[in-house]
Amino acid sequence: MTAQIIDGTAIAQKVRDEVKAKVAARIAAGKSQPGLATVLVGDRVDSAAYVGMKQKACAELGMTSFHHPLPADVSQEDLEKLIKELNADPKVNGILVQLPLPSHLDEERVLQLISIEKDVDGFSPINLGRLAQKGREPLFVPCTPFGCIYLLKEVGVQIKGANAVVLGRSNIVGMPAALLLIKEDATVTVVHSRTKDIPAVLRQADIVIAAIGRAEMVRGDWLKPGVAVIDVGINGIPMLNEDGTPVISQKTGKPRQKLVGDVNYAEASEVAGFITPVPGGVGPMTIAMLMRNTLRAAEIQQG
Ligand code: NDP
């Protein structure tokens, strides 16, 4: 079997086009531009790059972004003061605190402080708690798991009644992905570092969402033929020449890296019915869903 590739870049672009059109319609109707506040503590290069991509997406979709860079040694008190100001600012519809925060800061307290109407990342305990409760709906769902479910639905994978296995139980991907699948009436197993015989568990799955951060760990013979595979992992591994030696960049003189997922794509795509590539699968969906959540925040707050 050769899997159908789920083109996350194209599906994310469709979501972004829809958001852009709705933002333009709101502005034409005299409403204010949706606004996203981004809070970046410290100078982690990867975090700064993610925040930059989110600001760029806001500009492309007609939204305003308000950036708040803070020094790595900012106090808990000052960070909380900023969050309270952003909660009270009517121009700010969504608040995004880029994680991880430096270890001296209490992440849980910060996320708890974000008003649930502005929690566009969906990480506040109230929104996550509602996701876990029957009959309750969160205002916002975390962007990466939301993107995973969106991709499955977009290509017509049947979630209701399916056996789904989520690899990973982090607060930002694995656990909310499992809760979302349960809300969609799948039967869900969550695999983590203490799970016994992961291949045997995976072979029962009609849907696999892999979010463990282990390069190409999931092999083709761990999968049931026809399974839908959503690979969230983003892992850098050395690029190799045909003789197995590392490819050296002529520009930097350093070994070149390539990005791979948590699933061995070459093997899995021979077995699966659907598969997301890395890059170009889940990655683009995360920002698209953040933009969707920010528009929704503006709609909730301004009508
Ligand atoms: P975390 O490190 O927070 O969580 C990893 C999870 O995987 C944990 O639950 C851990 O288990 C489990 N795990 C680790 N190793 C194994 C193993 N050998 N066998 C079974 N389970 C294992 O990672 P994140 O959830 O933050 O991210 C996961 C991946 O997704 C990363 O590659 C990250 O880069 C990527 N990512 C991609 C995004 C995107 O937009 N595409 C967004 C966010 C993340 P335990 O709980 O027992 O420790």
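Every number for a ligand or one of its atoms is a count from 1 in the order of the listing.
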Look at atom CG of Asn171 and say whether more than 12 heavy atoms of other residues, nucleotides or ligands are closer to it than 6.0 Å.
no

Does atom CE (Met217) have a neighbourhood of more than 12 heavy atoms from anything else shown, all under 6.0 Å?
yes

With a 4.0 Å cut-off on N to O distance, would you call Glu77 and Lys81 a salt bridge?
no

Arg219 with Asp221: basic N within carboxylate O range, under 4.0 Å
no

In a check of side-chain hydrogen bond (donor to acceptor under 3.5 Å, both in side chains) between Asp17 and each of Lys20, Lys14, Gln13, which one passes?
Gln13

What does the 4.0 Å heavy-atom contact list look like for ligand 1?
Thr144, Gly168, Arg169, Ser170, Ile172, Val173, His192, Ser193, Ile198, Ala211, Ile212, Gly213, Arg214, Met217, Val232, Gly233, Ile234, Asn235, Val282, Gly283, Thr286

Can you list the residues that meet the salt bridge (Lys or Arg N to Asp or Glu O under 4.0 Å) rule with Asp106, with sequence neighbours excluded?
none

